[in-house]
Amino acid sequence: MYNKLITNIKPLGFTWETLDPFLFCVHHLDHYPAGNDQLGPAASLAGRNLGQDFTTKDGWRMYHGEIIPGFPAHPHRGFETVTVVLKGFVDHSDSTGQPEDMVTATCNG
């Protein structure tokens with residue numbers, strides 16, 4: 001059956017193409033190794049571009065982290081944030097350092 005609403009079908013990768021410059025969509029699927037006592041991976045970080053590691057080496061990425069995988073403090077001003085966790089968990093805090101179990105926000109400033 002032909003559907004006029006679907007104009008294009010592409011395989012989903014790490015980043016998803018969007019038409020809106022304020023819509024940033026990324027699919028993360030990382031299979032992290034066991035952790036160490038510094039909350040980082042108990043695995044070698046050799047060969048990784050620490051601080052800018054977006055290559056899926058050994059099934060996981062460090063992203064912007066140098067010791068702990070993840071993202072440093074960054075603003076969400078001017079756009080909506082939605083996080084969907086299908087397996088595992090996300091450790092997230094707001095700009096004041098308060099932990100958040102579920103992040104839904106309209107960011108105005």
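None of these values were measured; they are calculated from a predicted model. Positions are given from 1 along the sequence.
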Student: Got a sec, which residues hit side-chain contact (heavy atoms from CB on, under 4.5 Å) with Ser44, two or more places apart in sequence or on another chain?
Tutor: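 Applying side-chain contact (heavy atoms from CB on, under 4.5 Å) to Ser44 gives Ala46.
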
Student: Can you pull out every side chain to side chain donor-acceptor pair (under 3.5 Å) where at least one residue sits in residues 63-72? Sequence neighbours excluded, please.
Tutor: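 The answer is His28-Tyr63, Asp30-Tyr63, Gln52-His64, Arg61-Tyr63.
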
Student: Would a single hydrophobic cluster contain both Phe54 and Ile68, if residues Ile, Leu, Val, Met, Phe, Trp and Tyr are joined by side-chain heavy-atom contacts under 4.5 Å?
Tutor: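 Ile68 and Phe54: separate clusters.
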
Student: With sequence neighbours left out, what residues match Glu17 under side chain to side chain donor-acceptor pair (under 3.5 Å)?
Tutor: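 Per chain and number, Glu17 pairs via side chain to side chain donor-acceptor pair (under 3.5 Å) with Lys10.
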
Student: Assess whether side-chain contact (heavy atoms from CB on, under 4.5 Å) is satisfied between Lys57 and Asn49, documenting all intermediate values.
Tutor: CA-CA 11 Å; Lys57 181 180 178 195; Asn49 185 14; over 6 Å; no

Student: If you look at every heavy atom in Leu39 and Pro69, which pair is closest and at what distance?
Tutor: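 For Leu39 and Pro69, the tightest heavy-atom pair comes out as O-CD, 4.3 Å.
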
Student: Counting only N and O atoms by type, is there a donor-acceptor contact under 3.5 Å from the side chain of Thr18 to the main-chain atoms of Asp20?
Tutor: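 Side chain of Thr18 to backbone of Asp20, a donor-acceptor pair under 3.5 Å: yes, one is there.
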
Student: Partners of Ile67 by side-chain contact (heavy atoms from CB on, under 4.5 Å), sequence neighbours excluded?
Tutor: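 Applying side-chain contact (heavy atoms from CB on, under 4.5 Å) to Ile67 gives Gln38.
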
Student: Please check if Met62 and Leu29 belong to a single hydrophobic cluster, counting links between Ile, Leu, Val, Met, Phe, Trp and Tyr side chain heavy atoms closer than 4.5 Å.
Tutor: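 Different hydrophobic clusters.
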
Student: side-chain contact (heavy atoms from CB on, under 4.5 Å) with Asp37: which residues, sequence neighbours excluded?
Tutor: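 side-chain contact (heavy atoms from CB on, under 4.5 Å) check on Asp37 returns nothing, list empty.
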
